[in-house]
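See below for the structure under consideration.
Each chain gets a letter, A, B and so on, in the order its sequence line appears, and its residues count up from 1. Computed from a predicted structure; not experimentally measured.
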Amino acid sequence: MPLGHELLAQRIQRLREIQALGFQPYGRRYDFTHTIPEIVSRYGDKDAEELNPRVTVRVCGRIHTIRHMGKAGFAHLHQGGERLQIYVRQDSVPETHFRLWRGLDAGDIIGAEGYLFRTRTGELTVHVERLEHLAKTLLNMPEKWHGLEDVETRYRQRYLDLIANLQVRQVFLTRSRVIASFRRQLEARGFLEVETPMMQPLYGGATARPFVTHHNALDMDLYLRIAPELYLKRLVVGGLDRVYEINRNFRNEGISAQHNPEFTMLEFYQAYTDYRGLMDFSEELLRQVAVDATGSTEVEYQGQKLDFGRLRRLSLREAVLEYWEDGERPTPEQLTDPEWLKWRSTRATPGEALQDLFERVAEKHLIQPTIVYDYPVETSPLAKNKPDEPQFVERFEIYAAGMEIANAYTELNDPLEQLRRFQAQLRLREKGDEEAHQMDEDFLRALCYGMPPTAGEGIGIDRLVMVLTNCRSIRDVILFPLLRPEGPIGLAERLRALDGC
RNA sequence: GAGCCGGUAGCUCAGGCGGUAGAGCAUCUGCCUUUUAAGCAGAGGGUCCCGGGUUCGAGUCCCGGCCGGCUCACCA
């Protein structure tokens, strides 16, 4: 009989023993007096005298380690990312409670009532007088020393990863603080949080291939959104001058350490400002997010110090010139010369070639948080032209750790120019570019009613969290990253065999 | 999609040139009333990812597949 089965049989047997002792293997509510983090912060620095007269507490948590020693024993309970030791001795608890204690396993969730004391080695510990059983583990916990290291298991069974690896909990707490910080800051500046369609009859707002789904009752195909942009701008037309949305985008493209098919984006739009205004705003936002998430504007990423205290700013063309490596550095004029660009990229238009050049030459060097501004019009179908250089648009991206983490621009609000841009996209589409924009005539109609001058920005939450938590892979900041199915697990069958259900 | 690396006990990992599969933790039994990677004595536990092939013999060599990681490509 394989161990997995034998162990499961033992644990199932133990359920009956717990019941026979008058406890419930899966208990009901437990009215604790303190969480374990509360105990630690309140009594963690109290010495033995300060714990007299006795402080009685009721605590609960999951057993992580358990040390049985004949007629007594110790265990560490975990709750809320903190741990607390409990001490159970035969002559301090009712007999059935001690028998319950003898049958407890690492992984079980229990409640313990007793008084606080310091052990010989000085560790704050609950001297238990009553136990309660709250949940039985039927499966073995990962090893106490190494924890759960298998990357695949960590992603597939994130619950186990969270139990075994406390740092993982920290990453997701930080992620939550990042999002809360954005909400707080946007709220404070009068931004309204909205929700726009995730299922869209036309997709747009970014260059990407969509997921397609189908609505049965309406018998129509729908696209999972690749961006909320066109809906958010409709709202600005409608007079919601400051709106934002934090939600998932879906892009049917490759998976990598920086790409998950669904990812979380903050998009916000502010009327009556432009991309220069958003540069200043972004700087403030990111500085405060870094502080709220990590306590400092400086964070360490893969051995390098990144400073969100101030964002460096340089134009896309300056970035290409600065990081040029191969052969003779081009002149600024050459970077806008279609003939020169044609020979330096396989892309069809001068603007695409220039951006291609930027991505190849400069992107990987942009380690410190940096604003890169003024992008070619060909790659930015929704952004407003620069008045003095119409082949460029008022657009910037923010880079950190060599990754693009934000994209912003002065929004194109001229419907006639928008129509021309859509037509240019349609021509690309006809040439087989699946990522080119579709014509969205309702969006065009909205612009025809007049959209105030507006600037908008999207910030990739996952990537920003990677940088702030020193994670190398986007899968480490997404609780359940997309994986191929693992195949049959076989647990249901084993449980059925053991329980006869 | 391509290249490289990996998959061995519940977990973390060893297994030299092909010869009946190992450790620590966990589990079970006994001892142990302030331990903390508790300790001591004993025991059980394996579809070596799956399927073919070579061989007297395959965890090991070859081919195909599955799953994952990394690096590219694409992308944010």
Side-chain angles (χ1 to χ4, degrees), chain A residues 1-11 13-14 48 64-76 83-93 98 101 103 105-107 117-125 127 137-157 160 163-165 205-209 226-227 249-265 267 356 359-360 363 397-399 403-407 434-435 458-464 466 472-476 481 483-488 490-491:
Chain A
M1 190 190 283
L3 176 68
H5 195 83
E6 185 181 303
L7 186 100
L8 204 52
Q10 283 166 9
R11 295 289 169 87
Q13 176 55 32
R14 217 156 250 186
H64 269 235
T65 57
I66 186 159
R67 296 172 289 284
H68 290 286
M69 300 178 321
K71 299 184 180 63
F74 291 89
H76 274 111
R83 61 176 215 169
L84 178 65
Q85 185 168 257
I86 65 169
Y87 175 55
V88 181
R89 46 188 289 168
Q90 191 167 29
D91 53 17
S92 296
V93 295
F98 194 72
W101 162 254
D105 294 298
F117 77 111
R118 291 264 168 201
T119 62
R120 227 170 250 164
T121 53
E123 180 164 350
L124 183 69
T125 302
H127 191 118
T137 178
L138 298 181
L139 298 172
N140 242 351
M141 288 295 117
E143 201 215 7
K144 61 186 169 191
W145 195 238
H146 298 91
L148 180 65
E149 302 209 322
D150 183 78
V151 176
E152 185 175 349
T153 310
R154 289 186 45 227
Y155 296 152
R156 289 196 194 281
Q157 297 178 249
L160 198 58
I163 290 169
N165 299 318
T207 52
R209 285 153 64 192
I226 59 173
N249 290 344
F250 306 87
R251 299 190 185 171
N252 203 343
E253 291 172 355
I255 295 178
S256 78
Q258 286 87 39
H259 300 84
N260 195 61
E262 55 176 313
F263 62 101
T264 300
M265 183 88 111
E267 277 203 19
D356 180 38
E359 284 163 10
R360 293 199 325 253
E363 187 170 344
E397 294 189 336
I398 302 175
Y399 286 82
M403 288 186 295
E404 182 190 337
I405 59 173
N407 178 24
E434 283 184 74
E435 298 188 349
I459 297 180
I461 298 294
D462 314 271
R463 288 182 177 178
L464 178 60
M466 284 171 67
R472 197 191 291 268
S473 169
I474 199 168
R475 292 178 210 99
D476 292 321
L483 300 175
R484 288 193 161 91
E486 66 176 318
L491 181 61

In whole Å, what separates the [atom1] atom of [N] from that of [M]?
N: C63(B); M: A76(B); atom1: P; result: 38 Å
N: G44(B); M: G1(B); atom1: P; result: 48 Å
N: U60(B); M: G10(B); atom1: C1'; result: 25 Å
N: G57(B); M: A2(B); atom1: C1'; result: 37 Å
N: U27(B); M: C17(B); atom1: C1'; result: 37 Å
N: A58(B); M: G19(B); atom1: C1'; result: 10 Å
N: G65(B); M: G45(B); atom1: P; result: 37 Å
N: G46(B); M: G3(B); atom1: P; result: 38 Å

Measuring from the side chain of [X] (C-beta onward, heavy atoms only), which nucleotide among [options] has the closest atom?
X: E149(A); options: A76(B), U34(B), U12(B); value: U12(B)
X: Q10(A); options: C11(B), U35(B), U27(B); value: U27(B)
X: D105(A); options: U12(B), A76(B), C28(B); value: C28(B)

[N], OP1 or OP2 - any side-chain N/O from [X] closer than 4.0 Å?
X: R484(A); N: G68(B); result: yes
X: T207(A); N: A76(B); result: yes
X: R463(A); N: A76(B); result: no

For [N], the Watson-Crick or wobble partner whose two distances fall under 3.5 Å:
N: U71(B); result: A2(B)
N: C13(B); result: G22(B)
N: G57(B); result: none
N: G39(B); result: C31(B)

**Request:** Indicate, yes or no, whether a donor-acceptor pair under 3.5 Å links the base of U27(B) to the side chain of E6(A).
**Result:**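 It does not, because no donor-acceptor pair links the side chain of E6(A) to the base of U27(B) below 3.5 Å.
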**Item:** hbond_proxy R120(A) side chain to U34(B) base (donor-acceptor, 3.5 Å cutoff)
**Value:**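 No such pair is found, so the answer is no.
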Rounded to whole angstrom units, what separation is found between the [atom1] atom of [X] and the [atom2] atom of [N]?
X: N140(A); N: A9(B); atom1: CG; atom2: P; value: 13 Å
X: R360(A); N: A73(B); atom1: CZ; atom2: P; value: 10 Å
X: M141(A); N: A37(B); atom1: CE; atom2: C1'; value: 18 Å
X: E397(A); N: A76(B); atom1: CD; atom2: P; value: 8 Å
X: L7(A); N: G46(B); atom1: CG; atom2: P; value: 13 Å
X: D150(A); N: G10(B); atom1: CG; atom2: C1'; value: 13 Å
X: E486(A); N: C66(B); atom1: CD; atom2: P; value: 17 Å
X: I66(A); N: A37(B); atom1: CD1; atom2: C1'; value: 16 Å

Counting distance only, does the side-chain N/O of [X] pair as donor-acceptor with the main-chain N or O of [Y] below 3.5 Å?
X: D462(A); Y: T264(A); value: yes
X: R67(A); Y: F74(A); value: no
X: N165(A); Y: L148(A); value: yes

**Asked** Looking at residues at least two apart in the chain, or sitting in another chain, which of them share a salt bridge (charged side-chain N to carboxylate O under 4.0 Å, His left out) with R83(A)?
**Response**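 R83(A) satisfies salt bridge (charged side-chain N to carboxylate O under 4.0 Å, His left out) with no other residue.
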**Prompt:** Is the aromatic ring of F263(A) within stacking range of A76(B), meaning centres under 5.5 angstrom and planes under 30 degrees?
**Reply:**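 Here F263(A) meets both the 5.5 Å and the 30° conditions.
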**Message:** If the glycosidic angle sits within 90 degrees of zero it is syn, else anti. Tell me which applies to C40(B).
**Reply:**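 Chi for C40(B) falls in the anti range.
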**Asked** Would you call G16(B) syn or anti, using the 90° rule around 0?
**Response**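 Nucleotide G16(B) adopts syn.
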**Prompt:** Are side-chain heavy atoms of I398(A) and I459(A) found at a separation under 4.5 Å?
**Reply:**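 No, every pair of side-chain atoms sits at 4.5 Å or beyond.
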By ring-ring contact (aromatic ring centres under 6.0 Å, His included), which residues pair with [X], not counting sequence neighbours?
X: F117(A); answer: Y87(A), H127(A)
X: H68(A); answer: W101(A)
X: Y155(A); answer: none

**Asked** Between L7(A) and L138(A), what is the shortest heavy-atom contact and its length?
**Response**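 What the structure gives for the nearest pair is CD2-O, 4.1 Å.
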**Asked** If you pin A75(A) and H146(A) to their nearest nucleotides in RNA chain B, which one's is more 5'?
**Response**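 Looking at the nearest nucleotide for each, H146(A) comes out on the 5' side.
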With the criterion being N/O to N/O and under 3.5 Å, what pairs connect the protein with nucleotides 69-71 of chain B, and how long is each?
unit_1: G69(B); atom_1: OP1; unit_2: R475(A); atom_2: NE; d: 3.3
unit_1: G69(B); atom_1: OP1; unit_2: R475(A); atom_2: NH1; d: 3.4
unit_1: C70(B); atom_1: OP2; unit_2: R475(A); atom_2: NH1; d: 3.2

Polar pairs (N or O, both sides) under 3.5 Å between protein and nucleotides 29-33 of chain B?
unit_1: C32(B); atom_1: N3; unit_2: G70(A); atom_2: N; d: 3.0
unit_1: C32(B); atom_1: N4; unit_2: G70(A); atom_2: N; d: 3.1
unit_1: U33(B); atom_1: OP2; unit_2: K71(A); atom_2: N; d: 3.2
unit_1: U33(B); atom_1: O2; unit_2: R89(A); atom_2: NE; d: 2.7
unit_1: U33(B); atom_1: O2; unit_2: R89(A); atom_2: NH1; d: 3.3
unit_1: U33(B); atom_1: O2; unit_2: R89(A); atom_2: NH2; d: 2.8
unit_1: U33(B); atom_1: N3; unit_2: D91(A); atom_2: OD2; d: 3.0
unit_1: U33(B); atom_1: O4; unit_2: D91(A); atom_2: OD2; d: 3.3

**Request:** Identify whether any heavy atom of N260(A) sits under 4.0 Å from a base atom; if not, whether one sits that close to sugar-phosphate; answer base, sugar-phosphate or nothing.
**Result:**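 Base contact.
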**Prompt:** Touch check for E435(A), heavy atoms < 4.0 angstrom, all strands: base, sugar-phosphate only, or nothing?
**Reply:**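 It contacts sugar-phosphate atoms only.
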My understanding is that only residues two or more places apart in sequence, or in another chain, count here; which of them pass side-chain hydrogen bond (donor to acceptor under 3.5 Å, both in side chains) with [X]?
X: E404(A); answer: none
X: R463(A); answer: H259(A)
X: E435(A); answer: none

